[in-house]
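Heads up, the thing below is written out as structure tokens.
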Number of protein chains: 2
Amino acid sequence: MKEKRTVESVEKVIADFLRKNRRMPTYSEMVDLLDVRSKSVVNFWISKLVAAGILHKDSKGFLKPARPSLLLPMVGEVAAGFPSPAEEELRDIMSFDEYLITQPDSSFILKVSGDSMIDEGIKPGDLVIVNRGKEPKNGDVIVAEVDGEWTMKYFKKKGGAVILEAANPRYPPVKPRSELRVAGVVTAVIRKYHQ
Amino acid sequence: MKEKRTVESVEKVIADFLRKNRRMPTYSEMVDLLDVRSKSVVNFWISKLVAAGILHKDSKGFLKPARPSLLLPMVGEVAAGFPSPAEEELRDIMSFDEYLITQPDSSFILKVSGDSMIDEGIKPGDLVIVNRGKEPKNGDVIVAEVDGEWTMKYFKKKGGAVILEAANPRYPPVKPRSELRVAGVVTAVIRKYHQ
DNA sequence: TTGACAATAGAACGAACGTTCTATTACCCT
DNA sequence: AGGGTAATAGAACGTTCGTTCTATTGTCAA
């Protein structure tokens, strides 16, 4: 009950607020959040966080989180089969929004149905981010309209001719006759378990 | 050059600012962003966006994006093999941060190495979100320490006994002898192409 | 016990915030 | 051309922001 305020605890309180309200708390709000009675105390701690590089102030003096918001520790690698390296957190904080979406203007999301890319690890129900501005390269996973049908396939070039291959032996390669409209290149796959 | 301001264009301008600065612009800043000369014009448009449900105001009167920040249109399903439904955007906006991370306090991220879960669509290099608070259920993908080794496997219960199975025929099922420490349940998989 | 430093409290202040009002300009439809 | 609505401009206003100052309390070591 008598927890002392530390840089970490303050950071956590702010991160929680940020997650819930999607904005930084005001100093007045932080008076409540930190359970203190004066804004100058808040200022005292905020200055500490800024000095510690946890928060930044932009040119206008507004506070903003230095690292993107979500505050998930990035632990290391699971060697699926090998012993793991560091169990405890070399905590790198990351935001999937920033990580996944490099070109927000030209990207969109699709939900996958069908199993034609199953061997690429893209399963029905997965979400894929499609970048429509990107030029498809050999081997890329693309979304394309071939002869009136929309599909997700590997983009393969063989001697000038374009062939679309599924990542599933049950689907034969497609050689587009007349029209091949590439909607975009798949740049990310997201799957969520337990709804 | 003479683009007209629309609800959409204003939304986009704000979303861009939000992405860059991780906070809402002030009305004064929006004067510049929207290329107008008065805050009342800003107010005019902001009211429109609020009425349209694109922005919300919280109890304190602060603006915040109604939907999480990132602004990617969610188009529909790629029928990998079937014709696609709507090509044009039934735009649903989403943030992967919120979508993926339901329990930030008890989750962490791991990078996958090894191919033991390949048939589950989890490939080397993928990131997985692991929830350490969750009770593993039959069939869940879990990260666990078995006899001193960290692995990612299916969690299977067969008559009281726990068996860990890989999603790869090349790996035999593991029957933990002494210790089975479940580090957590995999709740999401993220893969990014092109670095 | 006392001294030094860290942490908290409280008040005061200017600046910037979002709001609101009135007035003017641009656009479209008939 | 006219008339009506949508969009913009500009100024004024009360509120609240973050900052800063001084004063008080708490904590630990000598």
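Remember, predicted model here, so these are calculated numbers, not experimental data. A note on names: the letters A, B, ... follow the listed sequences, proteins ahead of strands, and every chain is numbered from 1.
We find the NZ-CZ distance between B/K123 and B/R191 to be 5.0 Å, quoted to the nearest 0.5 Å. If you take OG on B/S28 and CG on B/L33, they are separated by 11.0 Å, rounding to the nearest 0.5 Å. Once rounded to the nearest 0.5 Å, the distance linking CG of A/L127 with CD1 of B/I190 reads 11.0 Å. Distance check, rounded to the nearest 0.5 Å: CG of A/L34 to CD1 of A/I14 gives 6.5 Å. Put simply, OG1 on B/T187 and NZ on A/K192 are 8.0 Å apart, with the number rounded to the nearest 0.5 Å.
When rounded to the nearest whole Å, the span between CH2 of A/W45 and P of C/dA9 equals 12 Å. Rounded to an integer number of Å, the gap from CG of A/L55 to C1' of D/dG18 is 14 Å. For the pair A/R37 CZ and D/dT24 C1', the computed distance is 14 Å after rounding to whole Å. Distance, B/I46 CD1 to C/dT19 P: 9 Å, rounded to whole Å. In this structure, CE of B/M30 is placed 17 Å from C1' of D/dA9, rounded to the nearest angstrom. For the pair A/F44 CZ and D/dG18 P, the interatomic distance rounds to 18 Å; values are reported in whole Å.
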Please table the atom pairs, donor to acceptor, closer than 3.5 Å between any side-chain atom in residues 154-167 of chain B and protein atoms at least two apart or in another chain.
from	atom 1	to	atom 2	distance (Å)
B/Y154	OH	B/E120	OE1	2.3
B/K156	NZ	B/E165	OE1	3.2

Please list every donor-acceptor pair under 3.5 Å in which a side-chain atom of residues 38-50 of chain A meets a protein atom from a residue at least two apart or in another chain.
from	atom 1	to	atom 2	distance (Å)
A/S38	OG	A/S40	N	3.2
A/S38	OG	A/S40	OG	2.9
A/N43	OD1	A/S47	OG	3.4
A/S47	OG	A/N43	O	2.7

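Axis angle, first five pairs versus last five pairs of the helix from C/dT1-D/dA30 to C/dC28-D/dG3: 30°, rounded to 10°.
Two residues, A/S40 and B/S38, neighbour DNA chain C, and the one matched to the more 5' nucleotide by heavy-atom proximity is A/S40.
Salt bridge status for A/R170 with A/D115: present, with a side-chain N to carboxylate O gap under 4.0 Å.
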For nucleotides 12-17 of chain D, list the nitrogen or oxygen atoms of the protein found under 3.5 Å from its nitrogen or oxygen atoms, one pair per line.
from	atom 1	to	atom 2	distance (Å)
D/dC17	OP2	A/S28	OG	3.0

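Taking A/D140 as the reference, B/H194 meet the side chain to side chain donor-acceptor pair (under 3.5 Å) condition, with sequence neighbours excluded.
Proximity note for B/V41 (side chain, C-beta onward) versus C/dA9, D/dG18, D/dA9: the nearest is D/dA9.
Residue A/N43 places none of its side-chain N or O atoms closer than 4.0 Å to OP1 or OP2 of D/dG18.
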